[in-house]
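Keep in mind that the numbers below use all heavy atoms, side chains included, and drop hydrogens, waters and symmetry copies.
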Amino acid sequence: MRIRTADGGFADAKIENPLQHGGLRLATLENGVRVAFVETGSGLRFTVAVDRGGDIVEARYNRHSLAYLTPNEIVPPSPAYHNGMEWLRSWPGGLVTTCGPESIGGPREQEGVQTSLHGRFSNTPATIESVIQPDPTRGRNDMAIKLVLRDSRMFGPVYEIRREIRCALGEPVIRILDEVTNRGDTEVPHHWLYHCNLGWPLLDEGARFIYRGRAEYWQVPPPDGGSILQPLSTAGMNRLKKVGAPLPEHAGTGERGMIVEVEPDRKGMCRVALVNPRLKLGVEFTYSSKAMPRMANWQHYGPRGSYVTALEPFHGSLLGPAMDSHRAAFPRLRPGGSRTYELTIRVCDGLKELKELARHDGKVTRAS
């Protein structure tokens, strides 16, 4: 499809360099981290951290930032962060942080292994296989970057992840396609999560979440000193779907949220979002319920700076065997076996698009 100008002509007749529309720029930051800067020509622009698994960090739409960013910046990957909670020292935040492939969630002993926070993926550098630039003069508006990385050790497990990030000129949409393969010779655990982090100004008082389904509530620290899973009424959980002011109890590590089995549409797709009616802006995430049967809605409304939420579709278990009895909590991947995932991110601009998105909203009920 050729891009038309205001006078009804074609844009490619008025430019000499396709990058005037948009495209990808590969670069290396001062600290040595490789990145790709992506301009879609739709108002959506973002940064891919190649040395951090190809995750998406900064993301903006027109004048508004979409993603939450930590104080850490984008730092070089290191195995030092694969221990306990040290992941937090290198985490840049960002629109999409991928967690896995062996484990997700907090540090714990699981299947005889001591796991670290959210696994090793985001501290693993990727290899760039190819870059496809758009060229409207040749009828090509698509752009893509293809990456491959390995999370491996001698005697296994050996995980190979092939990632493709796709966009098209003039569309405020990002598509992430991942294939995770067990290249070892023994069966291995496999958990996968997209930690989609949203911050101010999109996240603000009066914004609201779009999703529906069956949910469990969690709170940290737990008020009774026991399990982080806590009973909460249906009305209480539905109140969490409206964003509130910063909370004093969320200073430090205080947080809350829900784990939701999102009700998919007729095609088996889950559509979840955060919308800000005041800005007339929203960000929608679409994924297959078969690939990722649950989603976590993390809320950390810190009183000074760390005001953040995340929508986190996942496969596997966030909480570990002591607290998770879900039927799909502890999957394994056979030798040579693969699982594929696709996450589509779309910016919704204007009341018409927000109204269409609201059709996918509904109540959450307590999981039995």
Chemist: Whether the His64 and Asn62 side chains hold a donor-acceptor pair (N or O, under 3.5 Å, no angle test) is what I'd like checked.
Modeler: no
Chemist: Under the side-chain contact (heavy atoms from CB on, under 4.5 Å) rule, what do Leu311 and Met295 come out as? Steps first, then yes or no, please.
Modeler: CA-CA 7 Å; Leu311 295 168; Met295 178 210 66; 3.9 Å; yes
Chemist: Taking the basic N atoms (NZ, or NE/NH1/NH2) and the acidic carboxylate oxygens, is any pair closer than 4.0 Å for Glu39 and Arg45?
Modeler: yes
Chemist: Identify, with sequence neighbours excluded, every residue that meets side-chain contact (heavy atoms from CB on, under 4.5 Å) alongside Ser122.
Modeler: Arg52, Asp55, Trp87, Thr97
Chemist: Examine the side chains of Arg256 and Gln299 and answer whether a donor and an acceptor come within less than 3.5 Å of each other.
Modeler: yes
Chemist: Is there a chain of hydrophobic side chains (I, L, V, M, F, W, Y, each step under 4.5 Å between heavy atoms) that links Leu69 to Leu202?
Modeler: no
Chemist: If the condition is salt bridge (charged side-chain N to carboxylate O under 4.0 Å, His left out), which residues does Arg150 pass it with, not counting sequence neighbours?
Modeler: Glu160
Chemist: side-chain contact (heavy atoms from CB on, under 4.5 Å) between Thr70 and Leu88: does it pass, once the steps are laid out?
Modeler: CA-CA 9 Å; Thr70 74; Leu88 292 171; over 6 Å; no
Chemist: Are Pro136 and Asn141 side-chain neighbours, meaning at least one heavy-atom pair lies under 4.5 Å?
Modeler: yes
Chemist: So for atom CD, which belongs to Glu73, do other residues, nucleotides or ligands contribute more than 12 heavy atoms lying within a distance under 6.0 Å?
Modeler: no
Chemist: Identify the two heavy atoms, one from Gly302 and one from Pro246, that lie closest to each other, and give their separation to 0.1 Å.
Modeler: O-CB, 3.4 Å
Chemist: Please tell me whether Trp298 and Glu255 have a donor and an acceptor in their side chains that are separated by less than 3.5 angstrom.
Modeler: yes
Chemist: Would a 4.5 Å heavy-atom cut-off, applied to side chains only, mark Pro331 and Pro189 as touching?
Modeler: no
Chemist: Kindly say whether the aromatic ring centers of Trp91 and Tyr81 come within a distance under 6.0 Å.
Modeler: no
Chemist: Would you confirm whether Arg60, through its side chain, and Arg63, through its main-chain N or O, come within 3.5 Å as a donor-acceptor pair?
Modeler: yes
Chemist: Looking at Cys270, is its backbone amide N or carbonyl O close enough to the side chain of Asp265 to form a donor-acceptor pair, meaning the two atoms are under 3.5 Å apart?
Modeler: no
Chemist: Enumerate the salt bridge (Lys or Arg N to Asp or Glu O under 4.0 Å) contacts for residues 191-214, please, sequence neighbours excluded, ordered by first and then second residue.
Modeler: Asp204-Arg278, Arg208-Asp361, Arg212-Glu263, Arg214-Glu261
Chemist: Under 3.5 Å, is there a donor-acceptor pair between the side chain of Asn182 and the main chain of Gly337?
Modeler: no
Chemist: Are Leu333 and Arg339 side-chain neighbours, meaning at least one heavy-atom pair lies under 4.5 Å?
Modeler: yes
Chemist: Side chains of His250 and Tyr307, heavy atoms from C-beta outward: is any pair under 4.5 Å?
Modeler: no
Chemist: Would you say the rings of Trp192 and Tyr341 are close, in the sense that their centroids are separated by under 6.0 Å?
Modeler: yes
Chemist: Evaluate Glu312 against Met292 for side-chain contact (heavy atoms from CB on, under 4.5 Å), listing each step before the verdict.
Modeler: CA-CA 10 Å; Glu312 308 173 19; Met292 292 177 283; over 6 Å; no
Chemist: Can you give me the closest heavy-atom contact between Ile74 and Ala49, atom names plus distance?
Modeler: CG2-CB, 4.2 Å
Chemist: Could you check whether His315 and His191 have their ring centres less than 6.0 Å apart?
Modeler: no
Chemist: Could you pull out the closest heavy-atom pair between Thr340 and Glu179, with the gap in Å?
Modeler: CG2-CG, 3.9 Å
Chemist: Looking at Tyr211, is Lys241 sitting on its ring face, NZ or CZ under 6.0 Å from the six-membered ring centre and within 45 degrees of the normal?
Modeler: yes
Chemist: Do Thr28 and Val35 touch side chain to side chain, with heavy atoms closer than 4.5 Å?
Modeler: no
Chemist: Do Ile210 and Ile345 share a hydrophobic cluster (ILVMFWY, side-chain heavy atoms under 4.5 Å, transitive)?
Modeler: no
Chemist: Does the side chain of Thr344 pick up a donor-acceptor pair with the side chain of Thr286 at under 3.5 Å?
Modeler: no
Chemist: Looking at Asn72, I want to see if its CG is surrounded by more than 12 non-hydrogen atoms of other residues, nucleotides or ligands under 6.0 Å.
Modeler: yes
Chemist: For a 4.5 angstrom cut-off between non-hydrogen side-chain atoms, does Leu240 reach Phe209?
Modeler: no
Chemist: Search all heavy atoms of Glu164 against all heavy atoms of Ala144 and return the closest pair with its distance.
Modeler: OE2-CB, 3.8 Å
Chemist: Please tell me whether Ile165 and Met143 are part of a single hydrophobic cluster in this structure, the criterion being side-chain heavy atoms less than 4.5 Å apart.
Modeler: yes
Chemist: Give me the atom names and distance for the closest heavy-atom approach of Phe37 to Ala27.
Modeler: CE1-CB, 3.7 Å
Chemist: Would Ile104 end up clustered with Val188 when hydrophobic side chains under 4.5 Å apart are linked, directly or stepwise?
Modeler: no
Chemist: Assigning hydrophobic clusters by single linkage (Ile, Leu, Val, Met, Phe, Trp, Tyr; side-chain heavy-atom cutoff under 4.5 Å), is Leu357 placed with Leu95?
Modeler: no
Chemist: I would like to know whether Lys280 and Glu353 meet salt bridge (charged side-chain N to carboxylate O under 4.0 Å, His left out); could you show each step before the answer?
Modeler: CA-CA 9 Å; Lys280 301 180 179 63; Glu353 292 191 16; over 6 Å; no
Chemist: Which heavy atom of Ser103 sits nearest to which heavy atom of Thr115, and what is that distance?
Modeler: OG-CB, 3.5 Å
Chemist: Just so I know, are the side chains of Val173 and Arg175 near enough to count as touching, which here means a heavy-atom distance under 4.5 Å?
Modeler: yes
Chemist: Evaluate the criterion side-chain contact (heavy atoms from CB on, under 4.5 Å) for residue pair Thr47 and Ile56; output intermediate values, then yes/no.
Modeler: CA-CA 6 Å; Thr47 302; Ile56 298 173; over 6 Å; no
Chemist: Are the charged groups of Asp324 and Arg294 less than 4.0 angstrom apart, N to O?
Modeler: yes
Chemist: Can a side-chain donor-acceptor contact be found between Gln133 and Asp135 if the only test is distance below 3.5 angstrom?
Modeler: no
Chemist: Step through the shown structure and confirm whether more than 12 heavy atoms of other residues, nucleotides or ligands are within 6.0 Å of CZ on Arg25.
Modeler: no
Chemist: Could you tell me whether the side chain of Phe46 reaches within less than 4.5 Å of the side chain of Val48, counting heavy atoms only?
Modeler: yes
